[in-house]
Amino acid sequence: MDPVIVVGAGPVGLSVALALTRLGVPVVVLDETGGQDDTRPARTAVLRPDTAAFVGRLGCVATLESAGTRWSAWRTMRRRRLLERVAFAPSGAAGASGAAAPAAAASPVHLPQHALTRALRAALADEPLAEVATDSRLAGIEQDEHGVTAHTRDPDGTSWRGSYLVGCDGPRSTVRKLLDIRFPGRTAVERYAVAALRTELPWPGEALLHRSPARHGGGPVAEVSARPLAGGVWRLDWLLPPGRELVTPDALVARIRDSLAGWTADSAAEPGDDGAGGYARGQGPLVPPYELLDTGVHTVHHRLARTWRQGRAFLAGDAAHLLGALGTQGLDEGLRDAENLAWKLGLAWHHGASETLLDSYQAERRGAVAARLRAADSALPLLRDGGAVRWRTVLPGAARGRSTLLTDGHLGRGPLGAAPTYARTPLAPAAGLPGETAVDTVPGGPVADVVVTASDGSVVPLRERLGQGLLVVLVAPGTGVWDRRHWQSAGLMPRLTSAVGALPMRAEILVTEAYPGATAHTVLVVRPDGHLVTALSGVRPGGLSACADAVRGGAYGREAGERAETSGARGAGETAGAGGAGGADGPGGAPGNGSGGTAEGAADGASGDTAGTSPVDPPGSTVLHSESD
């Protein structure tokens with residue numbers, strides 16, 4: 001088959017290409033640049049634990065460790081008062097039960113974006129299945145039932161033939177324009193002045209969000225964040241007032257000096273309302289020494305493409321969505337796009353794919369980003385209008401104040417930042433699957449990064465085994481004290497090995513001592529991107545087969561799996577206990593035939609799933625249905 005064409009060589013495009021090559025899929029990356037990336041210290045990326053693990057699996061672990069910084073804590077301050085301090089667990093810390101630190105307690109990784117891009121380029125250069133075509137600007141796209149042809153604008157008029165095409169070419173995406181996909185939303189939602197500088201602050205290794213809300217008389221909200229980087233460098237971001245007022249070099253230097261002086265002021269300094277630092281100008285100690293490395297102005301837009309798939313062409317990253325207000329990270333969501341799409345295209349390239357599987361990318365990822373945009377759009381009036389709206393009215397049921405809500409966006413928590421749950425995915429098995437049991441992770445949610453033991457004896461975090469196929473995780477307390485040779489041939493393992501070996505897609509068995517909310521002998525089925533399919537009590541081959549078929553987008557795997565489960569239980573007396581030598585289960589779910597159902601039409605932009613759920617952008621959503629749409 002023809003390779004997959006990836007348009008764009010930023011972090012998202014390179015991640016898609018690398019993930020596909022790891023699945024044995026050849027790729028061609030069309031890069032309109034000469035293959036060089038600008039070094040901009042003020043342009044940085046904050047990766048949450050799940051996206052940091054993803055790029056680590058792609059070969060960037062060394063860069064994450066050398067160029068990235070994991071914070072020891074996060075401080076949220078209101079004027080001179082500390083509202084909240086979140087301490088992060090040390091990297092790789094694990095509890096006594098063997099479970100890794102909870103996602104909320106794991107620090108993000110903060111690194112320069114050019115360092116991440118260069119590491120991805122270097123990893124892709126070592127892949128024999130990858131070809132990078134520099135100075136190749138896309139000029140046209142043609143599709144047919146067998147593939148897609150991309151025409152580039154160069155002296156030779158090169159044409160590239162591919163099986164699929166992924167547009168990762170940024171906010172002004174040529175792919176999106178050639179496909180005539182609308183990109184509604186809002187422009188200049190927020191603006192920030194940005195500076196990268198080398199200095200010493202009072203809390204080494206800790207990030208800070210410092211707010212000075214408007215007084216009762218009104219006025220703008222002053223807000224500045226400081227996030228450490230490697231080598232004693234800090235990135236500072238100041239929220240700018242609405243409007244198009246230019247930020248002059250003198251004004252930026254004044255902000256820097258005010259912030260640094262305020263943060264290093266002694267306890268006798270009087271509080272003030274002058275903004276960034278929270279202290280009156282001229283009071284407190286002198287400005288500490290600093291070296292200014294880079295500056296800029298960052299404008300946040302909120303936009304969402306109407307459809308993310310058109311035939312064999314897909315959109316990902318900034319080509320599909322723009323977000324970033326209130327601490328949210330657009331690159332984080334772009335990397336989640338890449339991880340979600342890559343394993344689905346890998347299945348499609350090797351084995352063919354149903355429309356359900358291909359449409360699930362849009363249903364899951366567009367739905368998740370739309371929910372993030374709606375949450376930010378609801379919170380913005382509350383956090384930026386100086387108290388014009390009560391926050392309990394804006395976010396019904398919320399139990400947190402304004403500053404904590406903003407902190408959640410920066411730390412990847414809550415509706416503004418947490419890793420998404422695909423509750424309405426069309427790739428879920430039928431509800432009420434025989435043997436289904438509840439754990440702390442809901443179906444469709446990201447699994448906890450517990451410590452697992454693989455069949456080769458390696459003991460690693462669960463996230464390190466993602467990306468290649470299904471993971472079947474057995475919760476078996478006590479296996480850590482036994483030699484692997486003993487428990488691999490005892491209890492449930494022989495039957496589980498046989499059931500997993502019969503699945504219609506690649507799968508790996510892992511064993512863990514404990515999983516949050518799971519009892520002994522629970523079997524977790526995990527997708528290649530780390531989202532839970534379901535949890536089963538004991539070894540249930542029919543249920544495992546139904547899960548695998550559902551993940552592949554099979555059209556009738558759910559009913560077949562239920563029939564097999566029922567038949568196996570009648571014929572063999574299957575139990576969910578400690579796993580004796582019970583009889584074999586039924587034949588399991590039939591494999592998908594590549595003719596699954598089709599998601600709701602893309603003509604109206606709705607990205608609901610095949611179950612007929614509501615569209616992700618309901619009427620009245622101001623972000624997705626703006627006056628400029």
Side-chain angles (χ1 to χ4, degrees), residues 428-441 443 447-448 450 452-456 462 465 469-480 482 484-528 532-552 554 557-591:
L433 194 67
E436 193 172 16
T437 187
V439 296
D440 284 359
T441 304
V447 293
V450 297
V452 296
T453 302
S455 58
D456 59 6
L462 176 59
R465 311 300 289 197
L470 284 180
L471 297 183
V472 179
V473 184
L474 172 65
V475 180
T479 52
W482 296 97
R484 179 171 53 93
R485 294 172 297 175
H486 297 303
W487 56 255
Q488 275 193 321
S489 59
L492 294 174
M493 288 301 294
R495 297 185 61 226
L496 184 60
T497 302
S498 176
V500 170
L503 294 180
M505 64 181 295
R506 179 177 179 176
E508 179 184 10
I509 298 176
L510 303 172
V511 179
T512 185
E513 289 271 351
Y515 188 88
T519 59
H521 310 124
T522 297
V523 176
L524 308 170
V525 184
V526 183
R527 293 181 0 170
L532 181 68
V533 181
T534 195
L536 302 170
S537 58
V539 179
R540 298 180 175 269
L544 291 172
S545 184
C547 288
D549 193 61
V551 167
R552 295 168 66 238
R558 301 177 179 184
E559 295 77 15
E562 292 184 71
R563 290 196 301 271
E565 190 71 54
T566 303
S567 174
R570 288 197 307 265
E574 178 180 307
T575 67
D585 196 19

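These figures come from a predicted structure and were not determined experimentally.
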Could you tell me which non-hydrogen atom of [X] sits nearest to which non-hydrogen atom of [Y], and how far apart they are?
X      : Y      : result
Ile509 : Thr497 : CD1-CA, 3.6 Å
Val525 : Leu470 : CG1-CD2, 4.2 Å
Val523 : Val539 : CG2-N, 4.5 Å
Glu436 : Pro443 : OE2-CG, 4.5 Å
Val475 : Glu513 : CG1-O, 4.1 Å
Leu462 : Ala448 : CD2-O, 3.4 Å

Heavy-atom check, side chain of [X] versus side chain of [Y], under 4.5 Å:
X      : Y      : result
Leu433 : Cys547 : yes
Val439 : Tyr515 : yes
Pro429 : Asp549 : no
Leu524 : Val447 : no

>> Can you list everything that forms a salt bridge (charged side-chain N to carboxylate O under 4.0 Å, His left out) with Glu508? Sequence neighbours excluded, please.
In response: Arg465
> What's the spacing between Leu496 CG and Arg540 CZ if we round to 0.5 Å?
Replying inline: 13.0 Å
>> Can you list everything that forms a side-chain hydrogen bond (donor to acceptor under 3.5 Å, both in side chains) with Thr519? Sequence neighbours excluded, please.
In response: Thr522
>> Given 3.5 Å as the limit, does a donor-acceptor pair link the side chain of Ser537 with the main chain of Gly435, or not?
In response: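 Pair found, side chain donor or acceptor close to backbone of Gly435.
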